[in-house]
Asks: 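One structure is given below, represented as structure tokens, and several questions about it will come after.
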Amino acid sequence: MGRFSRVGLLATLVLAALSVLAVAGGTTGSGKLVGISWVAFFAMALAAPLGVRTKDGSAGVLVWGYGLAAGAMVTSAAVFLVPQAIGQHPQWGGFGVAFGLLAGFGSHTIGHRLAHMDLPMDRTVAELTAHAFSAGAIIGIIYGNMPELGPLLGLSIVSHKGPAGYAAARRLVSADRDASVLLVPATGVGIAGIASSMIALPAAGAIRGLVFGFAAGVFLHVAMDFLPRCEIGSEIHDLLSVTGDAHALLDRLRIHAVASTSLGGLAVLLAWLVIA
């Protein structure tokens, strides 16, 4: 990695400046949000060099990384966000969850269309950046309006940044591209989150239920999107260093996928029992 992304460095400086302003402002919950932002940053920023050095990849590493993150995200969204949404307004909270899931599904169509456009930024980086900024905006609104929330929810939501950074760096270096540009999506959660935390939602239960439900639906969709898919033609299959029929190895990896997602959910349960 002889080159270094100036855009990535600029984004990191912006995140650092916003973090200082947020902490200096002393608003309730700002410390937790800043902490979550930097965990997301370091998870992707430190995983990227691993992806560069191991460009041949390891299917097992990705299965366990994605599985643990997906299990933690599903559990956290279901435990911390869905009850809040329904508690604000049962019907509108439920609609919010549905709309969030459908919006997540629709984002795949937008991403597919972007793949056919001549963008100035690598498609992988563009998708990760859009995802990071949108997720950060939602996290910021949640913590800005519910400062009593603990950091467990936010940390679980950004837990996928590590394996995502690893996989993205592997793809970039395989295409002879500079992986340091991943600093841009690494900062996305923090920049968007700290900025959006200043948005105050109306006190109306229907609006808050809709917003919190939408957040829950989006994060549930993201979590399901990261569930390890051990199928022919999947990203996991592309990492296998075998020739011929890979069904037997994929079958074994499916067991690892179930185990990792279960452990991710269990980790959130144990953490909640400790801090509750």
Side-chain angles (χ1 to χ4, degrees), residues 15 19 22-23 26-47 64-88 93 96-97 100-101 104 131-132 134-165 186-194 196-197 201 208-209 211-227 259-276:
L15 175 59
S19 299
V23 173
T27 57
T28 306
S30 60
K32 287 180 285 190
L33 184 57
V34 169
I36 292 166
S37 301
W38 283 101
V39 168
F41 172 82
F42 283 114
M44 179 169 283
L46 296 179
W64 277 90
Y66 279 160
L68 288 169
M73 290 179 68
V74 167
T75 306
S76 297
V79 172
F80 301 115
L81 283 181
V82 173
Q84 288 287 347
I86 301 302
Q88 295 290 336
V97 174
L101 284 167
H131 171 266
S134 58
I138 296 174
I139 291 174
I141 292 173
I142 292 172
Y143 275 90
N145 289 272
M146 296 177 60
E148 68 277 5
L149 273 178
L152 182 58
L153 169 65
L155 294 176
S156 299
I157 289 172
V158 302
S159 61
H160 67 286
K161 294 298 178 183
T187 61
V189 168
I191 293 174
I194 294 172
S196 65
S197 66
L201 294 176
R208 296 175 73 87
V211 172
F212 293 148
F214 183 83
V218 168
F219 290 136
L220 282 171
H221 177 270
V222 172
M224 291 186 291
D225 201 36
F226 275 94
L227 288 171
S260 60
T261 51
S262 300
L263 285 176
L266 181 61
V268 173
L269 170 60
L270 293 177
W272 177 74
L273 290 174
V274 169
I275 65 177

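As the structure is a computational prediction, the values presented were derived from the model and not from experiment.
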Asks: Please report the closest heavy-atom contact between Ala216 and Leu81, naming both atoms and the distance.
Replies: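 Shortest heavy-atom separation between Ala216 and Leu81 comes out as CB-CB, 3.7 Å.
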Asks: Taking the side chain from Ser197 and the backbone from Ile194, do they hold a donor-acceptor pair closer than 3.5 Å?
Replies: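 Here the side-chain-to-backbone pair exists.
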Asks: So do Leu15 and Ser19 actually touch side chain to side chain, heavy atoms under 4.5 Å?
Replies: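 Of all side-chain heavy-atom pairs linking Leu15 with Ser19, at least one is under 4.5 Å.
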Asks: How close do Val34 and Ala22 get, heavy atom to heavy atom, and via which atoms?
Replies: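 So the two residues come closest at CG2-CB, 3.8 Å.
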Asks: Looking at Lys161 and Ala43, what are the two nearest heavy atoms and their distance?
Replies: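 That would be CB-CB, 3.9 Å.
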Asks: Quick one: closest heavy-atom pair of Gly217 and Leu101, and the distance?
Replies: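 Where Gly217 meets Leu101 most closely, the heavy atoms are O-CD2, 3.4 Å.
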Asks: Atom CE in Met73, atom CG in Leu153: separation rounded to 0.5 Å?
Replies: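 With rounding to 0.5 Å, CE (Met73) is 9.5 Å from CG (Leu153).
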Asks: On the 0 to 90° scale, with breaks at 30° and 60°, tag the Phe42-Trp38 ring pair as parallel, tilted or perpendicular.
Replies: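 Plane angle between 30° and 60°, so tilted.
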Asks: Starting at CD1 of Ile139, measure out to NZ of Lys32 and round the result to the nearest 0.5 Å.
Replies: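 The distance works out to 13.5 Å.
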Asks: Rounded to the nearest 0.5 Å, how far apart are CG of Leu46 and CE of Met44?
Replies: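 It is 11.5 Å, given to the nearest 0.5 Å.
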Asks: Measuring from Ser156:OG to Phe219:CZ, what's the distance to the nearest 0.5 Å?
Replies: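 If I round to the nearest 0.5 Å, the distance is 11.0 Å.
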Asks: Do Val268 and Val79 have side-chain heavy atoms sitting under 4.5 Å apart?
Replies: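 Result no, sub-4.5 Å side-chain heavy-atom pair not found.
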Asks: What heavy-atom pair brings Thr75 and Gly71 nearest, and what distance separates the two atoms?
Replies: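 Between these two residues, the closest heavy atoms are OG1-O, 2.8 Å.
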Asks: Test of understanding: with ring pair (Phe, Tyr, Trp, His ring centres under 6.0 Å), list the residues that count as partners of Phe226, not counting sequence neighbours.
Replies: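 Ring pair (Phe, Tyr, Trp, His ring centres under 6.0 Å) check on Phe226 returns Tyr66, His160.
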Asks: For the atom pair OG (Ser196) and CD1 (Ile191), what is the distance rounded to the nearest 0.5 Å?
Replies: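 Between atom OG of Ser196 and atom CD1 of Ile191 there are 12.0 Å.
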Asks: For Met146 and Phe212, work out which heavy atoms get closest and say how close.
Replies: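 Looks like SD-CZ, 3.3 Å.
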Asks: With rounding to the nearest 0.5 Å, note down the distance linking CD1 in Ile142 to CG in Leu149.
Replies: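 Going from the CD1 atom of Ile142 to the CG atom of Leu149 covers 7.5 Å.
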Asks: Side chain of Tyr143, backbone of Gly150: donor and acceptor closer than 3.5 Å?
Replies: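 Confirmed, Tyr143 side chain pairs with Gly150 backbone.
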